[in-house]
Novice: 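Quick one: this structure, given as structure tokens, is what I'll be asking you about.
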Amino acid sequence: MNQGKTVEYIDQGRFICALCLEDRAGKLHVLTPSNREANLSPKRVLLISNTPLIDPAQPRDEVLTRLRQAEEHRNRLKDEVHVRDLWELIHDENEAFDYDYLAELSFGEVVDDDHISALVRALFEDKLHFKLKDGRFQPNPQQRIEEILRQREEERRRERVLSEGSEWLRRALEGERPPMPGCVQEVIRLVSDLALYGDDAPEYKQARELLSRTGYSDARSARHILVSLGIWGEDQDLDLLSLQIRTSFSDALIEHAEQLKAIPPDIDFREDLRHLEPITIDGPATRDFDDALSLEEKDGALELGVHIADVAGTIGPESPLDLEARQRGASLYLPRQHIPMLPPSLSQDTLSLKQDFDRPAISLLCRLDPEGAVLSYRFVPSLIRVKHQFTYDEVNERLETGARFLRMRRLAMALQQKRIEQGALVLSVPEVSIRVDDDGTVSLRMLEQDTPARMLVAEFMILYNALAARFCRDQGIPILYRGQGEPSDRLSARDLDPLFYVFMQRRKLQPMMIDTDPSPHAGLGLDAYTNISSPIRRYLDLAVQRQIRNALLGKPLLYDAEAMDKIRMTVQASLKDLATVRRNRTRYWIQKYLQQTRGLRMDALVLWSTRSKHRLLLTDVLLVTEMRRKNGRDFSPGQRIRVVVEKSDPWEDVLSLVPVENGAGQRAE
């Protein structure tokens, strides 16, 4: 029986010495020095004395006094245990020892309950040199001791970060200018990670504790803190940070670009096409011109030249800039930022097909009849000089007065018609052009993609890519082909809203596939297709251009099919991230515009509905969103309605819409 004996156990990390009042039914009923009674399972008991301490039937005050005296005595004895010396004595034996033996080593051969308790207390509190397992203590190896010490130091360091960091944040957010602690960079990193990754932040608990000590209970306050401190801007692009998109070039890469820029291109093997006087057609903000066009009429046929900047002649495979471009995957164009795949000194100057400069190119010279049938074609390394650089708007304005543009337009229409007859789907929608002024004001403009100028450029690029795919397929040159299976259904546009038809037909399209084996591209109506027409802006285009260039020069091909597929896998991961940034950033700025024009009345197209909500396309801004069903009102797919923007929060991607009633709201301009 254990009645009257001391019972020692751990409670909330503290060593408790209690007196057993009663031992019954597998439970120990104990009294603690604080005069609290408790029932203990034997599994919780760390140590039971060999001899009784006092008769529990004695007056409670006497029992408590004796119990407290025993605990004080054991704590004094505990201080006489030299844990490190004890560990030094036995750690090489690599075995576990019972309490009595270790107490004898510490105090001598004659030990009592107090000595044993003192030994257990000392080793338990030390938690460094010994570990407790199955009622015995085993010495920790030196490596484990060093690991524990490192952990303890890290815990102390983290506590300093929390203490000093929260104090600095609190004072800084109150408008003071407190001195920055040594841990300021870690504090900013913790808050930034919380804002970027939320619950998935690498040190989520540490970051939440930091915010809690600063006075913030919501993890979403992290962004507010960073903006308030001026570390982030009000419209900070979080995707660029969370996906670790590279936005600048290192000094070494810039220097490498300057070295390449100083090397004159080798033109001895190139066909001189400067007499063709090619032109470029691009947007007004374009600086990296990678394609140019020429068209002549000879002997009743049209001689089309599509000239693509010879980037492969400058950027060598596996060079520092090549590896950087492969990692980036493509150039990224955002409303307030342009992140090029190659340094601007190359992409906007040396490699760019700038007006009045001789530039190396890989040209397609294609002879066609007026109906768009290809009579013959060839790819050649060339030297060209762009005669003029036009914008899309300039070309559209000159169509009626410029014979060259009119011929280009007619040829492009013939090429498109041939593709349509082969099953191509023309599913263009306007592009939202976003402008953000210095004061943060957002304005939107819809750019139609089927204007004559954009359409003719698109058709000639499609022709270049299609003939490049045909050339490589017929010559057995390993490249990356683009393919797309037949849509699951071909809808009829008859009696449908044109925009509704486009969005519904797009839902029926098969995913586009990139593979080293050629396959039909149903969406374009072609039996083989690749992308090669934009090597300044897209890495996969550059890789394909290298293959064709070497084939034209009679040099060994750089990649076999396996190597091309490895490049595809590497680059596609980056392209996926870029698409996420582009999509989310476009949505952010559109919602920012809607936030600034709250109460705006807008046109919306109902795409489809569920029992609780409608899926809408806001046609004035081309934003797909949802609207809850309210007041039992129902709308049909394809129906045009008017809605009012009640709330728009671009940071949280929250958009609240209601149907227009009684003419509420302002009209969209």
Side-chain angles (χ1 to χ4, degrees), residues 416 419-420 422-434 444-451 454-455 458-459 462 482-513 521-526 575-576 578-591 593-594 600-630 633-645 648 650 653-660 668:
Q416 185 183 77
R419 292 194 302 105
I420 292 174
Q422 295 166 180
L425 292 165
V426 180
L427 302 173
S428 66
V429 295
E431 177 185 331
V432 182
S433 175
I434 301 170
L444 305 181
R445 178 188 173 199
M446 306 300 289
L447 299 178
E448 296 294 335
Q449 297 302 293
D450 55 0
T451 64
R454 290 181 180 273
M455 180 269 216
E459 285 300 325
I462 290 173
R482 310 273 173 142
Q484 186 179 48
E486 280 291 324
S488 60
D489 188 17
R490 287 182 178 263
L491 305 178
S492 172
R494 184 179 301 175
D495 300 328
L496 288 180
D497 181 288
L499 198 54
F500 180 72
Y501 160 73
V502 169
F503 271 79
M504 290 302 100
Q505 184 62 75
R506 285 187 169 191
R507 292 187 70 196
K508 305 294 184 181
L509 297 179
Q510 299 293 332
M512 193 271 295
M513 304 297 294
H521 195 304
L524 293 176
L526 298 169
L575 295 180
K576 182 179 179 181
L578 296 183
T580 297
V581 173
R582 191 181 303 110
R583 179 178 62 253
N584 290 349
R585 209 59 190 155
T586 299
R587 189 173 184 88
Y588 174 88
W589 286 115
I590 292 175
Q591 293 212 168
Y593 167 77
L594 296 176
L600 188 69
R601 186 171 60 180
M602 311 184 73
D603 287 328
L605 175 64
V606 181
L607 298 178
W608 62 86
S609 302
T610 66
R611 295 179 63 181
S612 61
K613 57 193 175 185
H614 299 288
R615 188 76 165 171
L616 304 179
L617 171 68
L618 300 182
T619 57
D620 296 318
V621 295
L622 279 187
L623 182 71
V624 176
T625 186
E626 294 175 346
M627 180 179 70
R628 288 186 172 275
R629 288 179 180 265
K630 292 186 178 180
R633 297 191 64 179
D634 194 16
F635 303 109
S636 303
Q639 182 178 351
R640 295 264 184 168
I641 64 174
R642 300 284 282 173
V643 297
V644 174
V645 178
S648 179
D653 192 16
V654 172
L655 182 60
S656 177
L657 305 170
V658 294
V660 169

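Predicted model only: the values in this text are computed from it and were never measured. Start at 1 with the first residue, then count along the sequence.
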Novice: Which pairs count as ring pair (Phe, Tyr, Trp, His ring centres under 6.0 Å) when at least one residue sits in residues 483-502, sequence neighbours excluded?
Specialist: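 Qualifying pairs: none.
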Novice: Determine, for Arg640 against Asp603, whether the closest basic-nitrogen to carboxylate-oxygen distance falls under 4.0 angstrom.
Specialist: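 Looking at Asp603 together with Arg640, the answer is no, because their closest N to O distance does not fall below 4.0 Å.
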Novice: Start with the C-alpha distance between Glu459 and Ile462, add both sets of side-chain angles, then the distance that settles side chain to side chain contact (heavy atoms under 4.5 Å, CB included), and finish with yes or no.
Specialist: CA-CA 5 Å; Glu459 285 300 325; Ile462 290 173; 4.3 Å; yes
Novice: I'd like to know if the side chain of Arg419 reaches the main chain of Leu524, judged simply by a donor and an acceptor atom lying under 3.5 Å from each other, with no hydrogens or angles considered.
Specialist: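 Yes, because the side chain of Arg419 sits within donor-acceptor range (under 3.5 Å) of the backbone of Leu524.
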Novice: In Å, rounded to the nearest 0.5 Å, how long is the span from CD of Gln416 to CG of Asp450?
Specialist: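 Here the rounded value is 9.0 Å.
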Novice: Sequence neighbours left out, what passes side chain to side chain donor-acceptor pair (under 3.5 Å) with Lys613? Give chain and number order.
Specialist: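 Testing Lys613 for side chain to side chain donor-acceptor pair (under 3.5 Å), a comparison that skips the adjacent residues, returns Glu626.
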Novice: When rounded to the nearest 0.5 angstrom, what is the spacing between OG in Ser488 and CZ in Arg507?
Specialist: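 If I round to the nearest 0.5 Å, the distance is 9.5 Å.
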Novice: Should Ile641 and Pro659 count as side-chain neighbours, where that means a heavy-atom distance under 4.5 Å?
Specialist: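 No, every pair of side-chain atoms sits at 4.5 Å or beyond.
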Novice: Can Val643 and Leu618 be said to form a side chain to side chain contact (heavy atoms under 4.5 Å, CB included), step by step?
Specialist: CA-CA 9 Å; Val643 297; Leu618 300 182; 3.9 Å; yes
Novice: Would you say that Arg629 contacts Ser612 through its side chain, given a criterion of any heavy-atom pair below 4.5 Å between the two side chains?
Specialist: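 Result no, sub-4.5 Å side-chain heavy-atom pair not found.
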Novice: Between Ser609 and His614, which heavy-atom pair has the shortest distance, and what is it?
Specialist: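 So the two residues come closest at OG-ND1, 2.7 Å.
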Novice: To the closest 0.5 Å, what do you measure between CG (Leu622) and CD1 (Ile590)?
Specialist: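 The CD1 atom of Ile590 is 7.5 Å from CG of Leu622, to the nearest 0.5 Å.
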Novice: Side-chain contact test, heavy atoms from C-beta onward, threshold under 4.5 Å: evaluate it for Tyr593 versus Leu600 and give yes or no.
Specialist: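 Sidechains of Leu600 and Tyr593: in contact.
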Novice: Can you give me the closest heavy-atom contact between Ala522 and Gly485, atom names plus distance?
Specialist: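 For Ala522 and Gly485, the tightest heavy-atom pair comes out as CB-O, 3.4 Å.
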Novice: Can you check side chain to side chain contact (heavy atoms under 4.5 Å, CB included) on Val624 and Leu616, steps first, answer last?
Specialist: CA-CA 6 Å; Val624 176; Leu616 304 179; over 6 Å; no
Novice: Quick one: CG on Leu607 to OG1 on Thr625, what's the gap to the nearest 0.5 Å?
Specialist: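 Rounded to the nearest 0.5 Å, the CG-OG1 separation comes out at 10.5 Å.
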Novice: Quick one: list whatever passes side chain to side chain donor-acceptor pair (under 3.5 Å) with Ser656, sequence neighbours left out.
Specialist: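 Counting only residues at least two positions away or on another chain, Ser656 forms a side chain to side chain donor-acceptor pair (under 3.5 Å) with Glu646.
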Novice: Ignoring hydrogens, what is the shortest heavy-atom contact between Leu655 and Ser648? Give both atom names and the distance.
Specialist: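 So the minimum-distance heavy-atom pair works out to CD1-CB, 3.8 Å.
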Novice: Which value, rounded to the nearest 0.5 Å, describes the distance between Leu425 atom CG and Gln484 atom CD?
Specialist: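 Spacing of CG (Leu425) from CD (Gln484) equals 8.0 Å.
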Novice: Which heavy atom of Gln449 sits nearest to which heavy atom of Ser428, and what is that distance?
Specialist: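 Shortest heavy-atom contact: CB-CB, 4.2 Å.
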Novice: Ignoring hydrogens and geometry, is there a side-chain-to-backbone donor-acceptor pair from Arg615 to Pro637 under 3.5 Å?
Specialist: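 Side chain of Arg615 to backbone of Pro637, a donor-acceptor pair under 3.5 Å: no, none is there.
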Novice: With distance as the sole test, does Gln505 use its side chain to make a donor-acceptor pair with the main-chain N or O of Asp489 at under 3.5 Å?
Specialist: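 Yes: the side chain of Gln505 pairs with the backbone of Asp489.
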Novice: Got a second to check how far Glu486's CD is from Leu509's CG, nearest 0.5 Å?
Specialist: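 It is 10.0 Å, given to the nearest 0.5 Å.
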Novice: Can you check whether Arg585 reaches Trp589 side chain to side chain, under 4.5 Å on heavy atoms?
Specialist: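 Yes, close enough: below the 4.5 Å cut-off.
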Novice: Ignoring hydrogens, what is the shortest heavy-atom contact between Gly525 and Gln422? Give both atom names and the distance.
Specialist: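 Answer, listing the atom of Gly525 first, then Gln422: O-NE2, 2.7 Å.
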Novice: Does Leu623 form a side chain to side chain contact (heavy atoms under 4.5 Å, CB included) with Leu617? I'd like the steps, not just the answer.
Specialist: CA-CA 6 Å; Leu623 182 71; Leu617 171 68; 5.9 Å; no
Novice: Do Val660 and Met602 make a side-chain contact, defined as non-hydrogen atoms from C-beta onward lying under 4.5 Å apart?
Specialist: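 Not in contact.
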Novice: So, the side chain of Arg506 versus the backbone of Leu427: is there a donor-acceptor pair under 3.5 Å, distance only?
Specialist: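 A pair under 3.5 Å: yes.
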Novice: Surrounding CE of Met446 (heavy atoms of other residues, nucleotides or ligands, distance under 6.0 Å), is the total greater than 12?
Specialist: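 Correct, the count exceeds 12.
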Novice: Do you know which two heavy atoms are closest between Met627 and Leu657, and how far apart they sit?
Specialist: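 Smallest interatomic distance, heavy atoms only, reads CG-O, 3.4 Å.
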